[in-house]
Amino acid sequence: MTKGEFLNILRRGLSQLPPEEVEKRLAYYEELLNDMTEDGMTEQEATAKLGDPAALAREILQEQPKCCSVFVG
Amino acid sequence: MLDPQMKRGLLETCILSVLCRGDSYGYQIIKDLSSCITVSESTLYPILRRLETAGCVTVYSVIHNSRLRKFYRITETGRKQITEFLENWNEIESMYRFIEESVNHDKG
């Protein structure tokens, strides 16, 4: 998928988190994707390397302290 | 499989060691570590955040190709964590030898 698609899916998956948290995570992954493509990977390769963004979002939500878990499906 | 908490502590110290050589950013840190261990991008993020909260690193942004790149710099606290790890290593190594000898003795 494209960088934009990846980040959009990730953003949607993290929507339950505080906005500041979401922005920090997205900035981190966006930076990584940009570094990977600058390093010669295609957007497909870079997003594939990071894995499924929906699954990544779920993983991130799991790591959150218990106060957030009441919103997790 | 290595105990998760132990592995996390070791990873933290590895990441701090990379920063001993110079300030660095996410992608470069992963690349530099890859000769020793594979750290996934999702594993690195919480470790960097934890190191920042603990005062082991400071963070600043640099403009690179019209985007912001976050750089991490090790602090004195971070350097102390590395020193402590190295000092503790001798103790860990003696325990390893003790355990290994006990197992071999048991076989004999």
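The chains referred to below are lettered A, B, ... by the order of the sequence lines, with proteins before strands, and numbering in each begins at 1. Computed from heavy atoms alone, side chains included, the values below leave out hydrogens, waters and symmetry copies.
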Problem set entry | Heavy-atom closest contact (B/P46 atom, A/E63 atom, distance) | CG-OE1, 4.2 Å
For this session: Any chance you could lay out the side-chain contact (heavy atoms from CB on, under 4.5 Å) test for A/E31 and B/Y27, step after step, and finish with the verdict?
Result: CA-CA 8 Å; A/E31 186 188 302; B/Y27 185 60; 6.0 Å; no
Problem set entry | Option from B/H64, B/R69, B/Q28 for which side-chain hydrogen bond (donor to acceptor under 3.5 Å, both in side chains) with A/D35 holds | B/R69
Seminar exercise, completed: Output for pair (A/N34 CG, B/N65 CG), nearest 0.5 Å, gives 9.0 Å
For this session: Locate the shortest heavy-atom distance separating B/R49 from A/E21; write the atom from each residue and the value.
Result: NH2-OE2, 3.1 Å
Exercise. When hydrophobic residues are tied together by side-chain contacts of less than 4.5 Å, even through go-betweens, does B/I92 share a cluster with B/L16?
Worked result: yes
Problem set entry | Over all atoms of both residues, closest heavy-atom pair of B/S42 and A/L56 | CB-CD1, 3.6 Å
Exercise. Say you draw a straight line from CG of B/L44 to OH of A/Y28; how long is it, rounded to the nearest 0.5 Å?
Worked result: 3.5 Å
Exercise. Under a 4.0 Å N-O cut-off, is there an ion pair linking A/E30 with B/R67?
Worked result: no
Exercise. Can B/V103 be reached from B/F98 by stepping across I, L, V, M, F, W or Y side chains whose heavy atoms are under 4.5 Å apart?
Worked result: no
For this session: Tell me whether B/I63 is reachable from A/L33 by hopping between hydrophobic residues (I, L, V, M, F, W, Y) whose side-chain heavy atoms are closer than 4.5 Å.
Result: no
Exercise. Is B/Y96 reachable from B/L86 through a run of I, L, V, M, F, W or Y residues, each pair having side-chain heavy atoms under 4.5 Å apart?
Worked result: no
Problem set entry | Which atoms of A/E59 approach chain B - backbone, side chain, both or neither, heavy atom under 4.5 Å | side chain
For this session: Just say parallel, tilted or perpendicular for the rings of B/Y45 and A/Y29, cut-offs at 30° and 60°.
Result: parallel
Problem set entry | Part of B/L68 within contact of chain A (heavy atom distance under 4.5 Å) | backbone
Seminar exercise, completed: Ranking A/K49, A/R25, A/M36 by heavy-atom pairs under 4.5 Å to chain B gives rank one to A/R25
Exercise. Hey, quick one: are B/I82 and B/W89 part of the same hydrophobic cluster, counting side-chain heavy atoms closer than 4.5 Å, chains of contacts allowed?
Worked result: yes
